[in-house]
Amino acid sequence: MPKNKTTIKGIEEGRAKFAYECVLSIEKDKKKEYKSYVKKIPMLIKANGLGETFAFMLSKEGTYEFIGEQVLKWLQNDEKEILSDAKEIENFKELVKKIVSLSSSEYRALTIEILAFFNWLRRFAEGLIEEEEND
């Protein structure tokens with residue numbers, strides 16, 4: 001049976017696979033910080049909004065900006081194309097600029113998608129990074 005990426009299961013599998021690869025790509029010395037940030041960012045989005053949270057992440061640079069770049073890569077690879085011109089966005093800074101110019105409905109849809117992606121990032125960060133810290 002062919003994989004259908006339009007089903008909820010297919011969409012979740014795509015997010016999960018991409019998030020898993022993102023967590024595996026973290027440098028050893030950044031893992032603890034990364035884990036902390038991917039747990040914190042969804043709460044910041046819910047409290048302050050996507051635009052404000054991503055502007056904060058951009059101002060902090062380092063691991064926050066790295067996570068932002070991972071989000072951009074997810075949006076560029078997302079077959080649903082929640083952000084239709086994501087492939088044209090070159091970096092996290094441009095993504096932040098794009099987010100603040102979205103219509104309300106686009107902003108809400110993008111926020112929901114990014115929170116769903118962070119759900120998987122958080123799960124894998126908690127599982128994989130914890131495992132390695134105990135080795």
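We're numbering straight along the sequence, starting at 1.
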Would you check if the side chain of N77 reaches a backbone N or O of K73 as a donor-acceptor pair within less than 3.5 Å?
-> yes
Whether E113 side chain and A109 backbone form a donor-acceptor pair below 3.5 Å | no
List the steps, then state whether side-chain contact (heavy atoms from CB on, under 4.5 Å) holds for V100 with Y107.
-> CA-CA 8 Å; V100 297; Y107 185 88; over 6 Å; no
Report the C-alpha separation of E52 and L44 in whole Å, then their side-chain angles, then the decisive distance to 0.1 Å, and conclude whether the side-chain contact (heavy atoms from CB on, under 4.5 Å) test is met.
-> CA-CA 9 Å; E52 292 86 347; L44 291 173; over 6 Å; no
Does any non-hydrogen side-chain atom of F117 lie less than 4.5 Å from one of D78?
-> no
Residue pairs passing the salt bridge (charged side-chain N to carboxylate O under 4.0 Å, His left out) test with at least one member in residues 55-68, sequence neighbours excluded, are none
Answer yes or no: is there a donor N or O on one side and an acceptor on the other, between the side chain of E106 and the main chain of S103, under 3.5 Å?
-> yes
Close side-chain approach of N119 and P42, heavy atoms under 4.5 Å | no
With no hydrogens and no angle check, is any side-chain donor or acceptor of Q76 less than 3.5 Å from a backbone partner on A86?
-> yes
Correct closest heavy-atom pair for F66 and S25 would be CZ-OG, 4.2 Å
Just wondering, do I26 and Q70 contact through their side chains at under 4.5 Å, heavy atoms?
-> yes
Give the minimum heavy-atom separation between K39 and R122, together with the two atoms involved.
-> CG-CG, 3.8 Å
For E33, the side-chain hydrogen bond (donor to acceptor under 3.5 Å, both in side chains) test, sequence neighbours excluded, returns Y37, T63
Are Y64 and E69 close enough that a side-chain donor and a side-chain acceptor fall under 3.5 Å?
-> no
For residues F124 and V38, determine if any side-chain heavy atom of one lies less than 4.5 Å from a side-chain heavy atom of the other.
-> no
Between S84 and E81, is any side-chain donor less than 3.5 angstrom from a side-chain acceptor?
-> no
Might you confirm whether atom OH of Y20 has over 12 heavy atoms from other residues, nucleotides or ligands at distances under 6.0 Å?
-> no
